[in-house]
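I have placed the structure first, in the form of structure tokens, so that the comments after it can refer back to it.
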Protein chains: 2
Amino acid sequence: MIDARLITLRVFARCGTIGATAELTGYSPSAVSAQLRELQRVLGMQLLTKDGRGLRLTATGRFLVAGSDPLMTQWESLRAAAMEAGDQVQSHFGLGGFSSAAAQLLAPLAATLRSTHPLLQVQVLEADPARCFDLLIAERIDLAVIVAMQSDTYGEDDPRFEQRVLLDDPLDVIIPGDHPLASRETATLEELASEPWITEAAGSTYHSLFTAAFTAVGVTPRIAHEAVEWETHIAFVGAGLGVGLLPRLAPLHGAENVVRLRITGQSKPTRRIVAAARRGSITSPLIQESLGILQVNANRILTARLGEDL
Amino acid sequence: MIDARLITLRVFARCGTIGATAELTGYSPSAVSAQLRELQRVLGMQLLTKDGRGLRLTATGRFLVAGSDPLMTQWESLRAAAMEAGDQVQSHFGLGGFSSAAAQLLAPLAATLRSTHPLLQVQVLEADPARCFDLLIAERIDLAVIVAMQSDTYGEDDPRFEQRVLLDDPLDVIIPGDHPLASRETATLEELASEPWITEAAGSTYHSLFTAAFTAVGVTPRIAHEAVEWETHIAFVGAGLGVGLLPRLAPLHGAENVVRLRITGQSKPTRRIVAAARRGSITSPLIQESLGILQVNANRILTARLGEDL
DNA sequence: GATAACCATGCAGAATAGATGCATGATCGA
DNA sequence: TCGATCATGCATCTATTCTGCATGGTTATC
């Protein structure tokens, strides 16, 4: 209900270039350019300035974007309250989440919603946590399931979002089947400190989880290899290249020569999985219902996997 | 910046029919109908119900309209603050006011704005106070100069508007030149209580002023004739049909056989002239500037007329 | 009880706004 | 200096949206 051009400006404020804004919003770069120009004309404000080969928000632009946060929140609250008060059903619902959440949590959620709300168009988008926030701003999705992170761009208490903790997903360690500790059921990080570790590239979402786990026990692991997908992690471990951390939500589905061990001891690293929505919208009946479904599914999967793998 | 369809809904909430909404917003009835239908589709809410041959807001609709007041206010505030912070100029400015205000206050204001802001498109609409409020909601105008009234539809502290007193325009009495009191400079209402009075039709904006003036002194005037325009009032008086009240802002411009007397005594009736804008927008630089100009003009006209006529 | 007035709505056609894709110009890094 | 990146303008096309008229249903009037 807020003008699309203002939404576009807010997305631009996030990513800084017309091209990226276009990619995120689904428009073409020309359209974004025209929208922002039109916005300035209508409001009679200069919001953007040339800055090298790119654009930069003016002080007025930054002011407007910052001030539009409560406006968005207010609208979301109003919409949520109206939906609740009127017992209405919305027609479209966008979900976003990272890969393992998409598979384990969002897919069942979408299936459930599809059966309980036959008329509802549910769309699921797989995206990193950072992109999920961007997609929320761009109004491409309404609810995201992500790994909590203290990223430099989005804080836990960002005024644009509201977050609810779904579960703390414990990190297990995976080691080759022929490893001396392979017969154990648990291990400590200290015991594995000298192993060659497999992790993600520095700067990625999960790398910070990795380092945080080890700084907690005061050891510096030796990073031997890098992998992006959990599948690759597991394959590397199976090939005997080293050991790695694997969230309990990520399935092993019977990989060869790989054993999953629970981590005990001083530091029990977990990744916190949260649901995020635009601030104000979280009381919307559909989001409330979704949160409930997510919670149930998360707990069920977690306990089931607990008994199955260990 | 708020979706036009929501604005349309707000206007509909005011006037209750598609046709009136179309007239007020400048759309055709079909367009209004389509907009409201589209709005319901997008929001997934049923906002309207058939009611006889017309439409009625549902509970959800009323909820949404009521809740949109702070949203509008917030946006107006934000826009005003951004304009102020960035020292920007807007491109279009709509003014509204009743007839004598339009002539005496709005015309000079528009002229001044036109010279100080050459790029600004100023539009003036003459309309009753009630319609001015409607036009403010419909965003057809941004500032209105009206006679304060405690109408049943718009209170002084309506959450949608903000008002500033410009001046208290005293009501004079006009009597035929051959009237016994014509040589006087002042008169009291009591002295004229038994005269045949000329007023406006009951229910009109100024009729309540008329009755209020007399109830204050506890007499009931005999209403002989009704007239809409001040010009007609004056002509009736000049023709010896009776006496009437005339705001000091309304010019007599040398009418034949009509004398203007100041009212003294217990009750000195005035009409309060106020400027009204959408709540939140009043801090906008352009509106602030306009208020200043209006104030100066109002005082100047008032004092000039004081020396000229009496 | 019939007729006229009123109100919303649907549809065909028209106008307008908005998006696309490519080409262009400007800027930065190598 | 060359290539890469980025924004923008233009021509074209698409899609939305508005208009005007006709229709059907509802209320008021005589």
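Just so it is clear: chains get the letters A, B, ... in the order the sequence lines come, proteins before strands, and each one is counted from 1.
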So does B:R37 get a side-chain nitrogen or oxygen closer than 4.0 Å to the phosphate oxygens (OP1/OP2) of C:dA8? no
Short side-chain donor-acceptor distance under 3.5 Å, A:T8 and A:Q35: yes
With A:R278 as reference, evaluate A:D158, A:D69, A:D142 under the salt bridge (charged side-chain N to carboxylate O under 4.0 Å, His left out) test and give the passing residue. A:D142
Please list residues of residues 24-32 of chain B whose heavy atoms come under 4.0 Å from any atom in DNA chain D, ordered by number; otherwise none. B:G26, B:Y27, B:S28, B:S30, B:A31
Whole angstroms only, please: what is the CD1-P distance between A:I18 and D:dG9? 11 Å
Can you work out whether A:Q35 or B:K50 has the more 5'-proximal nearest nucleotide on DNA chain C? B:K50
Rounded to whole Å, how long is the line connecting atom CG of A:D51 with atom C1' of D:dT8? 16 Å
Value in whole Å for how far the P atom of C:dC7 lies from CD of B:E23: 12 Å
Can you tell me how far CD of A:Q121 sits from NE2 of A:H92, rounded to the nearest 0.5 angstrom? 6.0 Å
Note, A:I137 side chain near A:F161 side chain (heavy atom, < 4.5 Å): yes
If you check every side-chain atom of B:F12, which of C:dA8, D:dT5, C:dT9 has the closest atom? C:dA8
Rounded off to whole Å, could you give me the CG-to-P distance for the A:L55 and C:dA26 pair? 15 Å
Can you tell if the side chain of B:M1 reaches within under 4.5 Å of the side chain of B:L78, non-hydrogen atoms only? no
N/O donor-acceptor pair under 3.5 Å between B:S68 side chain and B:L71 backbone: no
With side chain to side chain contact (heavy atoms under 4.5 Å, CB included) as the test, pick out the partner of B:L43 among B:T60, B:L64, B:D3. B:L64
Atom pair distance, as rounded to whole Å: CD in A:E38 and C1' in C:dA19: 14 Å
Five pairs per end, C1' atoms only: what is the angle between the end axes of the helix from C:dG1-D:dC30 to C:dA30-D:dT1, to 10 degrees? 30°
Backbone N or O of A:R279 within a donor-acceptor pair of the A:E76 side chain at under 3.5 Å? no
Where the side chain of B:R140 meets the backbone of B:G94, is there a donor-acceptor pair that is under 3.5 Å apart? no
